[in-house]
Amino acid sequence: MTSKPRWFQTTAIDYPNSRPHIGTAFEKLGADVQARYRRMEGFDVFFLMGNDENTVKVSQRAAALGLDTQAYCDDMARQFRAVWDALDISYDCFIQTSSQRHKHCCRKFIQKVYDNGYIYKGSYEGWFCAGCEEFKTEKQYQDNNGLCPNHRTALVRRSEPCYFFALSKFQDRLLAHYQANPDFIQPESRRNEIVSLIENEGLRDINISRYGEEWGIPIPFDPQFTIYVWFDALLTYITGIGYGDDEATFRHYWPCDMHFIGKDITRFHCALWPAMLWAAGEEAPKKVYAHGFVYLKNEEAGTVEKISKSLGNVIEPMEVISKFSADAFRYYFLRECPFPSDGEFSWSRFTDVYNAELANNLGNLLSRCLTLITKNYGGILPQTANVQPQVAVPGLDLALFVGELREHIEACRYHLALQKIVLDFLTPTNQYLEEHAPWKLVKTDKAAAQRVLFHAVQSLRIASILLKPFIPRSAEKIYTSFNFAIPWNAVRWADAVVLQPQPEDLRITAELIDGKIPPLFPRIG
RNA sequence: CGCGGCGUGGAGCAGCCCGGCUAGCUCGCCAGGCUCAUAACCUGGAGGUCGUAGGUUCAAAUCCUACCGCCGCAACCA
């Protein structure tokens, strides 16, 4: 293992009932920015993702399609990964809960919790539908006047044996943990929610078994039962890094630095999960980050809708990626939808943000710099070797600026980080060009115009570094358009602050067509 | 009284916690400028009862009270 500080992060694992939509992607994007940023900061990053397959609904869905459940899961996992790959999500491992490795390690874990005395046998009573072969919640019972929402047949009161996890025993310890670790649940609003929930309602022991299911992980100490999907799903976070079969790797990365989850499953991660770990003698994760949701803005109706299959308003990421680009997709959601709270998607908003900030501001800045240097200097700015560069933004304290961005990124306020880059850095650089007008200056004082361009290009270098976690491909294109000394792969976040002379004259290395670079972000018409 | 969030010029937001310069920003709109650039860029302008009604204060978008409206969560919806 390396001596670098390590950074282990996960995203929630997804049900492969259907393909991922833009909301699912939102979470992965937020996590990906963090992972990329941490790598630039020199961390030994491990980024875990996966699919949650041991649920009855998955086997039902497979059966409906006439497929073997495992084959169905494998195919869905392939499709999920195809989307994540297309979005440049830089995960290190993708785990399927139907994998033998996960099942094996999962059984080891639950056995340990059982041995430690936190699992006991009891019976679960509730409203059961014979058609669905599952219990319905009290709310479902009431909403449907005692009938099954699917079968319209009467629900029957039924009790069956089951195993309980003694969650209630951890209530005080959890509250103490929240108190001692104020950052454990982020953002703060979610933390308040959980704390008040536990203080007001308390925690009950939960049923962690299902009886008579074929699909799922059998409980080692009573194989007639399978493990409740949540108990099993959460365990990916440790089986994915070797719990139970690769002790060294597990010890290296655990406890997790950040679990990225949706705000709807906060309680599982903030209450159940730490309790499970403690019950097995392991440490709780360091931080759980519950991000907001993406809703759809219905432009005709002027309303905001939840994304759902039943409403038929699902937008698949691939639709946006193939129409525009992965970076356009990334930029929109990271810039326009606050990660800590909710955001909205609409095609017209997408067009606005893309045109205004990516095409007109960033892309155009690159174009004008490249063209000016090519036309007037043949692509090389003479006598710029060993010249001290300056920031082309008057009054900007670069170190302070980059430091503020760092704080935003570490708190997952990506929208504010991007806003700052555009407003406080890119726009002023465009203004700088306007003010010094090198296209005019070059006619009277070629050396002065050359200095203006030299400094303006520094902005592009800095911006590309700062944007690397957000829009990696475009950032690379910008950076590699010039002969900057440090290779792209070796660029650190801190390099954004460093203004250093280069041994060579600044020159354009981008591939030009008729002396011009094709627009980085062609405007959407 | 289940919990939580929101309501600021046409649209989207910031400001509110720790009241105080002419309520700030982006998009859109209008008028100029520039012409290096992706009809892009730059400058200026119009447009606001800061949800409603009270209260506290020399002073409230900002604090207090009530009400109205919208939304999310409510233990297998990312």
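Predicted model, so just to flag it, every value in this text is computed and none were measured. By convention in this document, chain letters (A, B, ...) are assigned in the order of the sequence lines, proteins followed by strands, and residues within each chain are numbered from 1.
For A:D264, the listed nucleotide lying nearest its side chain is B:A78; candidates were B:A78, B:C76, B:C36. Among the nucleotides B:C13, B:U38, B:A78, the one closest to any side-chain atom of A:E344 is B:C13. The A:R267 side chain lies nearest to B:A75 when the options are B:A75, B:C36, B:U38. The nucleotide whose nearest atom lies closest to any side-chain atom of A:K263 is, among B:A78, B:C41, B:G72, B:G72. Residue A:A356 has its side chain nearest to B:C27 when only B:C27, B:C25, B:U35 are considered. Nearest to the side chain of A:F268, among B:U38, B:A78, B:A75, sits B:A75. Comparing B:C76, B:A78, B:G12 by their closest approach to the side chain of A:I265 singles out B:A78.
Residue A:R190 places no side-chain N or O under 4.0 Å from the OP1 or OP2 atom of B:G4. In this structure, A:W230 reaches the B:C76 phosphate: one of its side-chain N or O atoms is under 4.0 Å from OP1 or OP2. The phosphate of B:C41 has OP1 or OP2 within less than 4.0 Å of a side-chain N or O from A:N360. An OP1 or OP2 oxygen of B:C71 is reached within less than 4.0 angstrom by no side-chain nitrogen or oxygen of A:K306. A close approach under 4.0 Å does occur between a side-chain nitrogen or oxygen of A:Q431 and OP1 or OP2 of B:U43. Dashed line: the shortest gap from a side-chain N or O of A:K375 to OP1 or OP2 of B:A37 is under 4.0 Å. For the OP1/OP2 pair of B:G72 and a distance below 4.0 Å, the side-chain nitrogens and oxygens of A:Y295 include no atom meeting the criterion.
When rounded to the nearest whole Å, the span between CG of A:L362 and C1' of B:A40 equals 13 Å. Note: OH (A:Y331) to C1' (B:U26) measures 11 Å, nearest angstrom. For A:L358 and B:C41, the CG to C1' distance is 16 Å, given to the nearest whole Å. Distance, A:K440 NZ to B:C42 P: 16 Å, rounded to whole Å. Atom OH of A:Y432 is separated from atom C1' of B:A37 by 17 Å (rounded to the nearest Å). Taking atom CG of residue A:D52 and atom C1' of nucleotide B:A78, one finds them 12 Å apart after rounding to whole Å. Between the P atom of B:C41 and the CG atom of A:L426 lies a distance of 12 Å, rounded to the nearest Å. Between A:F165 atom CZ and B:A75 atom C1' the separation is 15 Å, expressed in whole Å.
For the P atoms, the distance from B:G33 to B:G20 is 41 Å, rounded to whole Å. The gap from the P atom of B:A11 to that of B:C16 amounts to 23 Å, rounded to the nearest Å. Spacing between B:G72 and B:U65 at atom C1', rounded to whole Å, works out to 26 Å. When the P atom is compared between B:C17 and B:A53, the two are found 22 Å apart, to the nearest whole Å.
At a cut-off of 3.5 angstrom, counting only N and O atoms as typed in the model, there is a donor on one side and an acceptor on the other between the side-chain of A:Y15 and the base of B:C76.
If you check B:U26 for Watson-Crick or wobble pairing at under 3.5 angstrom, you find it paired to B:A11. Remark: B:A37 base-pairs with no nucleotide; criterion is Watson-Crick or G-U wobble with both hydrogen-bond distances under 3.5 Å. Across every strand in view, B:C21 sits unpaired, with no contact that passes the Watson-Crick or G-U test at under 3.5 angstrom. Remark: B:U62 base-pairs with no nucleotide in the shown strands. Criterion, Watson-Crick or G-U wobble with two distances under 3.5 Å. Base pairing analysis places B:G69 opposite B:C6; the two distances defining the Watson-Crick or G-U wobble pair are each below 3.5 Å. The base-pairing partner of B:C77, taking Watson-Crick or G-U wobble contacts with both distances under 3.5 Å, does not exist among the strands shown. Using N1 to N3 plus N6-O4 or O6-N4 for Watson-Crick, or N1-O2 and O6-N3 for G-U wobble, each under 3.5 Å, B:A31 pairs with B:U43.
A salt bridge does not link A:E404 with A:R413: none of the charged nitrogens is closer than 4.0 Å to a carboxylate oxygen. A salt bridge is defined here as a Lys NZ or Arg NE, NH1 or NH2 lying under 4.0 Å from an Asp or Glu carboxylate O, and A:R473 with A:D88 meets this definition. Using a 4.0 Å cut-off between charged nitrogen and carboxylate oxygen, A:D85 and A:R81 do not count as a salt-bridge pair.
Between A:W84 and A:F94, the ring centre distance reaches or exceeds 6.0 Å. A:H259 and A:Y289 have their aromatic ring centers separated by at least 6.0 angstrom.
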Hey, mind stepping through A:Y120 and A:F165 against side-chain contact (heavy atoms from CB on, under 4.5 Å) and telling me if it holds? CA-CA 7 Å; A:Y120 62 93; A:F165 171 60; over 6 Å; no
What verdict does the side-chain hydrogen bond (donor to acceptor under 3.5 Å, both in side chains) test give for A:Y377 and A:Q450, after you've listed the backbone C-alpha separation in whole Å, the side-chain angles of each residue and the deciding distance to 0.1 Å?
CA-CA 8 Å; A:Y377 301 91; A:Q450 169 187 312; 4.8 Å; no
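Between A:L365 and A:R335, it is A:R335 whose nearest contact on RNA chain B lies nearer the 5' terminus.
Using cut-offs of 30° and 60° for the angle between ring planes, the A:Y354 and A:F350 rings count as parallel.
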